[in-house]
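Keep in mind it's a predicted model, so treat the numbers as computed, not measured. For the single chain, residues carry numbers from 1 onward in sequence order. Every number for a ligand or one of its atoms is a count from 1 in the order of the listing.
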Amino acid sequence: MRNEKDYDLVVIGAGPAGMTAGIFGARSGLETLVIEKGICGGLSNEATVVDNFPGFKSIGGMELVEKMKEQTADYVEIKELEEVTKIAISGKEKKMMLSTEKGTYLTDAVVLCTGTKKRKLGVKGENEFLGRGVSYCATCDGFFFKDKSVIVVGGGDSAVRGALYLKNLGCEVTLLHRRDKLRAEQYLQTSLGKAGVYILWNSVVQEIKGDKAVRSVVRYDKERDIEDELAVDGVFVYIGEEPANALATQIDVKLDKEGYILTDKRQRTNVERVYAAGDITGGVKQIVVACAEGAIAATSAYEDLTE
Ligand code: NAP
């Protein structure tokens with residue numbers, strides 16, 4: 001364990017929000033560090049195509065992340081594969097101490113860009129067949145299901161994008177949704193229709209079955225009040241996200257009723273010199289919004305620290 005030096009600003013999480021906060025923090029002259037438990041980009045890495053980020057008509061999520069990372073690294077140190085597990089505020093100066101498995105970091109201000117984690121179905125077989133037919137990422141695992149039959153669960157943008165990606169790979173895709181209406185953007189729904197993806201409406205996954213790998217899904221048809229078994233090779237779960245708020249709760253940062261961090265317009269939380277940006281604040285979960293919030297958070301930190 002090492003004791004690290006004292007920073008002005010530490011950004012936790014290196015998705016689009018965190019990387020942008022890092023750039024703005026460093027450019028304003030703050031001694032800044034960005035720490036990321038995984039690799040840069042977070043869930044943006046899984047976006048098959050990003051076509052609503054100005055300046056790029058259409059770009060793969062990973063490619064966009066790579067460009068952002070390159071630019072961020074020009075200004076600020078990014079520590080990847082290092083998870084902040086503890087955050088504590090102490091002393092008259094209210095210094096913040098961040099602990100990771102590798103050491104500790106002191107800082108005057110923190111931007112929480114911890115994002116979200118994938119929601120699980122919570123049905124029998126989901127954990128058991130993870131990596132053996134159950135997946136949460138079409139771009140990561142879709143290739144293994146080429147020419148095979150897959151079910152995509154969910155009705156939001158992620159599910160529809162996942163279904164389109166899998167269809168394009170040559171999978172036989174069925175979208176299974178719990179209601180009779182999708183919440184995905186209209187243009188994605190139109191693409192889904194054009195691609196010929198079959199939709200099972202008003203349906204709920206009851207169980208995922210298999211042997212060495214997934215073989216079927218037990219579905220409950222709410223409208224007809226019947227249960228049936230559908231033969232499939234893969235189940236892609238896209239039923240939304242939950243806020244990764246564990247660090248926020250350690251220092252009593254206020255959350256909304258769904259667990260997302262509450263901020264003011266300048267990304268300040270209720271805790272002095274603690275800011276939040278990106279998906280962890282809920283709202284419009286788009287890369288462009290995350291970047292904007294990251295920029296605002298770092299600018300607020302600069303203003304508060306130099307006042
Ligand atoms: P989402 O919009 O929250 O959609 C989740 C879907 O899963 C909903 O259709 C929901 O059904 C369903 N669902 C939730 N819990 C379920 C459960 N327990 N069992 C079965 N189904 C369940 O999540 P998302 O698609 O991951 O998108 C998250 C955010 O990222 C959204 O704001 C989205 O706009 C954004 N996003 C944007 C893009 C883009 O390219 N612009 C791409 C991906 C994501 P109901 O509809 O009945 O609630």
Query raised in the report: So which heavy atom in the protein is nearest atom 10 (C) of ligand 1, and how far is it from that ligand atom?
Result: Arg178 NH2, 3.8 Å

Query - Qualifying residue, where the test is salt bridge (Lys or Arg N to Asp or Glu O under 4.0 Å) with Lys209 and the options are Glu126, Glu229, Glu128 - result: Glu229

Query raised in the report: Do Arg219 and Asp228 meet the salt-bridge criterion of a basic N to acidic O distance under 4.0 Å?
Result: yes

Report task. Look only at the side chain of Thr299 and the backbone of Ala295, and say whether a donor-acceptor pair between them is shorter than 3.5 Å. Result -> yes

Query - Geometric cation-pi criterion Lys222 and Tyr220, 6.0 Å radius, 45° cone - result: no

Query raised in the report: Can the ring centres of Phe24 and Tyr75 be said to be less than 6.0 Å apart?
Result: no

**Report entry** Heteroatom distance test (Gly283, ligand 1): nitrogen or oxygen, under 3.5 angstrom
**Finding:** no

Query raised in the report: For Gln286, is at least one N or O under 3.5 Å away from an N or O on ligand 1?
Result: yes

Query - Nearest protein heavy atom with distance in Å, relative to atom 8 (C) of ligand 1 - result: Arg183 NE, 3.6 Å

Report task. Inspect the surroundings of CZ in Arg27 and state if more than 12 heavy atoms from other residues, nucleotides or ligands are less than 6.0 Å away. Result -> no

Check: residues 34-46 side-chain donor-acceptor pairs under 3.5 Å, at least two apart:
unit_1 : atom_1 : unit_2 : atom_2 : d
Glu36  : OE1    : Ala14  : N      : 2.7
Glu36  : OE2    : Gly38  : N      : 2.7
Ser44  : OG     : Gly41  : O      : 3.3
Asn45  : ND2    : Cys40  : O      : 2.8
Asn45  : ND2    : Gly42  : O      : 3.3
Glu46  : OE1    : Lys118 : NZ     : 2.6

Requested in this report: Using a 4.0 Å heavy-atom cut-off, say whether Asn52 meets ligand 1 through its side chain, its backbone, both or neither.
Outcome: side chain

Requested in this report: Around atom 27 (O) of ligand 1, find the nearest protein heavy atom and jot down its residue, atom name and distance.
Outcome: Ser158 OG, 3.6 Å

Query raised in the report: Which residue supplies the protein heavy atom nearest to atom 33 (C) of ligand 1, what is that atom called, and how far is it?
Result: Asp157 OD2, 3.5 Å

Report task. Provide, to 0.1 Å, the distance between atom 28 (C) of ligand 1 and the closest protein heavy atom, together with that atom's residue and name. Result -> Glu241 OE2, 3.8 Å

Report task. State plainly whether the residues Asp304 and Arg268 are in salt-bridge range, i.e. N to O under 4.0 Å. Result -> yes

Report summary line: atom 35 (C) of ligand 1 has as its nearest protein heavy atom Lys285 O, 3.3 Å

Query raised in the report: Any salt bridge between Asp108 and Lys94, counting N to O under 4.0 Å?
Result: no

Query raised in the report: Does some non-hydrogen atom of Glu185 fall short of 4.0 Å from ligand 1?
Result: yes

Report task. Could you check atom 18 (N) of ligand 1 against the protein and tell me its nearest heavy-atom contact, residue, atom and distance included? Result -> Ile239 CD1, 3.7 Å

Requested in this report: List the closest protein heavy-atom neighbour of atom 3 (O) of ligand 1: residue, atom name, distance to the nearest 0.1 Å.
Outcome: Gly240 CA, 4.0 Å

Report task. Give the numbers and elements of all ligand 1 atoms closer than 4.0 Å to a heavy atom of Tyr238. Result -> 7 (O)

Query raised in the report: Salt bridge or not for Arg273 and Asp8, using N-O below 4.0 Å?
Result: no

**Report entry** Which of the ligand 1 atoms, numbered from 1, are nearer than 4.0 Å to a heavy atom of Arg179
**Finding:** 45 (P), 46 (O), 47 (O)

Report task. Determine, using heavy atoms of His177 and all atoms of ligand 1, whether some pair is separated by less than 4.0 Å. Result -> yes

Query raised in the report: Considering only heavy atoms of Arg161, which atoms of ligand 1 have at least one such atom less than 4.0 Å away?
Result: 39 (C), 40 (O), 42 (C)

